[in-house]
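To start, the structure under review is shown below, and the notes come after it.
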Amino acid sequence: MEKRLRIKTILAAKPLDREIEIHGWLKSKRESKGLAFLDITDGSTLAGLQVVADESLSNFTTDVARLTTGCSVAVRGLLVASPAKGQEVELHARQIRVHGWAPPDSYPLQKKRHTFEFLRSVAHLRGRTNSLGAVARVRSRLSWAIHLFFQQRGFFQIHTPIITTSDCEGAGEMFTVTALDLDRLPRNDAGSVDYSLDFFGRPASLTVSGQLEAESYALALGNVYTFGPTFRAENSNTSRHLAEFWMVEPEMAFCDLEDDMDLAEEMLKFLIADCLANCGAEMDLFARFIDKDLPARLDNVLQHPFVRLSYTEAVKELQNCGRSFTFPVAWGIDLQSEHERYLAETLCGRPVIVTDYPQSIKPFYMRCNDDGRTVAAMDILFPGIGEIIGGSQREERFAQLKERMEQAAIPLENYEWYLDLRRYGTAPHAGFGLGFERLIQFVTGMGNIRDVIPFPRTPGSSTI
RNA sequence: UCCCCGGUAGCUCAGUCGGUAGAGCAGGUGGCUGUUAACCACCUUGUCGGCGGUUCGAGUCCGUCCCGGGGAGCCA
């Protein structure tokens, strides 16, 4: 007898008229006289397996009749073709053992639709629902597909540090990491905290980006990528922001902005296509229950080249489109959500890459263009979700980089190592950052980023 | 952080002009040899987010705080 067969395997192989054993959770139960139909899922796939139980089971009245949604069971029986509509095969139980009960007066999940808002309050259980389980499987697949994409192309994964002692990485508020006793902080003569007594002998934080460290290894191994957690202490309360999220950051030596954009576009299309090919059941669920337009929107991304337009062109389009925006458009301003939405959704109707932003609104490490007022930056804007990728060609020229850092008041003493990359064997290089959860949002159609990560961290909220 | 909306049974929600609490689902009991969100009958379930105020009377009106959602800013 086959033990511990997973339902995904059973539904694919359909080992008919064989005795098998499954383990899973009861999704729903339907009873007639002396007969019960149990829908069992084990998490391996969206679909459940129908188990047919009758009174000949020794524990039919003592156990089987008392089963409710959420109970975990082991079922041993014969897999047969189903005589009724709705499923191809079913398992005729010869033995049912209860692993664990789920008292219905306290178990929060019911045989009905719950709001995502409610499910967030039971984050430790919500993976058992169809939709959140599907999100978890898609997330896992996308994670794997990211490694596939880069490894197939000869990129090396670099584990950049989670704890950083760079004062400023130019990407938002940081979480402090300390081993000091916060109730009894050591002070120096000036009255400020004496970090020389802290664990690292200097201030430390959680990383807001692995880019700078990735640059170091790009200038050693050529093509590298990072994929790990990232932390921002911004007080952002939106459906697109987390305090802890996962970011993918490729970095390539001997690579310009054009190559960077090509890679980003190829990667996004690869990831979407991979998900459609390998998570069919989950994608069908999202199309049915989450967003009816999802298949068309994904197909639209796959079928067309992304529109590429410079910031200067984008500003002209926005000024001449005849719309009045809440934030007026002028060359030099940062594009607002309403502007980005117009570009991606109305003007182009597909992903747009906006390039060559004004130097004044972008970080110091982006490469200055020959015009002296723009930098070789690119943002990829997706319809419905906004910025999903931000990238640039990096400033590889020592003098120009040092000047930009001084202008931006970056403490050079902490970045000598970064300047060394330009002092010794510098090379043109470029990279970008992809917000992993935003990608999952786009692929699944899920509206709130808190529902595409198992245990979301947001301002004022990190239950579990 | 700002703007808007919301918080009523385990869940999803209704609750009129201020007059004393409702439905569906879930759960329980019974019925039905094959159900598919099973069905039929009956039954159970309340700190109306907290505190304060107005009123003869507050789920309803006012103030305030807490929590959640949507949007904005910032970003990925």
Side-chain angles (χ1 to χ4, degrees), chain A residues 27-39 47-56 65-66 68-70 80 82-87 90 92 102-122 129-130 169-173 208-211 229-249 264 289 325-327 334-341 361-363 379-382 385-391 432-442 447-453 458-461 463:
Chain A
K27 207 95 187 186
S28 92
K29 183 178 73 171
R30 295 175 292 275
E31 282 177 295
S32 283
K33 187 170 181 63
L35 194 63
F37 300 90
L38 316 176
D39 281 341
L49 184 61
Q50 172 160 283
V51 168
V52 184
D54 63 37
E55 340 182 65
S56 68
R66 290 172 50 218
T68 52
T69 299
V80 299
S82 176
K85 287 179 184 168
Q87 60 281 316
E90 62 189 25
H92 281 205
D105 52 352
S106 59
Y107 183 62
L109 301 178
Q110 298 175 0
K111 190 169 70 173
K112 62 174 294 239
R113 277 195 78 170
H114 291 286
T115 60
F116 290 124
E117 190 179 336
F118 168 71
L119 291 174
R120 258 168 244 152
S121 71
V122 285
T129 64
N130 286 341
E169 288 173 343
E173 295 293 315
V208 292
S209 165
Q211 178 201 316
T230 307
F231 308 87
R232 305 270 169 95
E234 295 286 353
N235 190 9
S236 296
N237 290 289
T238 81
S239 55
R240 309 181 301 283
H241 286 87
L242 292 167
E244 176 182 295
F245 64 100
W246 286 62
M247 189 152 64
V248 182
E249 295 178 289
F289 296 114
F325 294 104
T326 310
F327 295 87
D334 210 351
L335 297 181
Q336 307 292 309
S337 285
E338 56 175 344
H339 306 141
E340 295 182 347
R341 238 182 289 121
I361 58 173
K362 288 293 184 184
D379 284 354
I380 301 187
L381 313 178
F382 265 24
I385 198 166
E387 183 181 342
I388 194 166
I389 276 180
F432 61 81
L434 166 73
F436 185 50
E437 284 78 14
R438 289 189 183 173
L439 172 74
I440 303 172
Q441 279 190 276
F442 186 78
N448 195 312
I449 200 164
R450 295 160 203 207
D451 300 324
V452 300
I453 189 166
T458 54
S461 168
T463 54

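Here is how names work: the chains are called A, B, and so on, in the same order as the sequence lines, proteins then strands, and each is numbered from 1.
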Closest nucleotide among G69(B), G34(B), A72(B) to the Arg120(A) side chain: G69(B)
Would you indicate what Gly34(A) reaches in the nucleic acid, counting non-hydrogen atoms under 4.0 angstrom: base, sugar-phosphate, or nothing? nothing
Could you tell me how far U54(B) sits from A14(B) if I compare only their C1' atoms? Round to whole Å. 27 Å
Base, sugar-phosphate, or nothing for Arg66(A), non-hydrogen atoms under 4.0 angstrom? nothing
Nearest-Å distance, CZ (Arg232(A)) to P (A76(B))? 5 Å
Considering only heavy atoms and no angle criterion, is a donor-acceptor pair shorter than 3.5 Å present between the side chain of Gln110(A) and the base of G10(B)? yes
Closer than 4.0 Å, any side-chain N/O of Thr326(A) to the OP1 or OP2 of A72(B)? no
Across the strands shown, which category fits Leu109(A) at heavy-atom distances under 4.0 angstrom: base, sugar-phosphate, nothing? nothing
With sequence neighbours left out, the residues meeting ring pair (Phe, Tyr, Trp, His ring centres under 6.0 Å) with Phe116(A) are none
So Leu242(A), base contact, sugar-phosphate only, or nothing? Heavy-atom distance under 4.0 Å. base
Please give the distance between the P atoms of A37(B) and C51(B) as a whole number of Å. 43 Å
CD1/Ile388(A) to CG/Asp379(A) distance, rounded to the nearest 0.5 angstrom? 12.0 Å
Quick check for you: among C74(B), C75(B), U35(B), whose closest atom lies nearest to any side-chain atom of Gln336(A)? C74(B)
Working to the nearest 0.5 angstrom, can you tell me the gap between Thr69(A) OG1 and Leu109(A) CG? 9.0 Å
Could you work out the separation of C5(B) and G10(B) based on their P atoms and round it to a whole Å? 28 Å
Taking only the P atom of each, what is the distance from G15(B) to G49(B) in whole angstrom? 15 Å
On RNA chain B, does the nearest nucleotide to Phe327(A) precede the nearest nucleotide to Phe245(A) from the 5' side, or the other way round? Give the residue. Phe327(A)
Expressed as a whole number of Å, how far does the P atom of C11(B) sit from that of A26(B)? 15 Å
For Ser239(A), which contact category applies under a 4.0 Å heavy-atom criterion: base, sugar-phosphate, or nothing? sugar-phosphate
When every non-hydrogen atom of Val208(A) is compared with those of Met247(A), the smallest separation belongs to O-CE, 3.8 Å
Between the base of G34(B) and the side chain of Glu90(A), is there a donor-acceptor distance below 3.5 Å? yes
As a test of your reading of the structure, name each stem of RNA chain B as range with range, where a stem is three or more consecutive Watson-Crick or G-U pairs at under 3.5 Å. B:1-7 with B:66-72, B:10-13 with B:22-25, B:27-31 with B:39-43, B:49-53 with B:61-65
From the options G71(B), A76(B), U12(B), select the nucleotide whose nearest atom is closest to the side chain of Thr115(A). U12(B)
Out of U1(B), G68(B), A72(B), which has the shortest distance to the side chain of Asn235(A)? U1(B)
Check whether the aromatic ring of Phe436(A) stacks on the base of A76(B), taking stacking as ring centres less than 5.5 Å apart and planes within 30° of each other. no
N/O donor-acceptor pair, side chain His241(A) with base C75(B), under 3.5 angstrom: yes
Between the base of C75(B) and the side chain of Ser236(A), is there a donor-acceptor distance below 3.5 Å? no
Asn448(A) side chain, from C-beta outward: closest of G34(B), G69(B), A26(B): G69(B)
Comparing nearest nucleotides in RNA chain B, the 5'-proximal residue of the pair Gly447(A), His114(A) is His114(A)
Distance between the C1' atoms of C13(B) and G69(B), in whole angstroms? 16 Å
Take atom P in C56(B) and the same atom in A72(B), then report the distance between them in whole Å. 47 Å
Contact letters for nucleotides 36-48 of chain B, in which S counts primed atoms plus P, OP1 and OP2 and B counts the base, heavy atoms under 4.0 Å: B-B----------
With respect to the side chain of Phe118(A), which nucleotide from C11(B), U1(B), C75(B) is positioned closest? C11(B)
Separation between the C1' atoms of A23(B) and C66(B), rounded to whole Å: 29 Å
Among A76(B), G27(B), U35(B), which nucleotide sits nearest the side chain of Pro104(A)? G27(B)
Can you find a side chain N or O atom of Arg450(A) that sits less than 4.0 Å from OP1 or OP2 on G70(B)? no
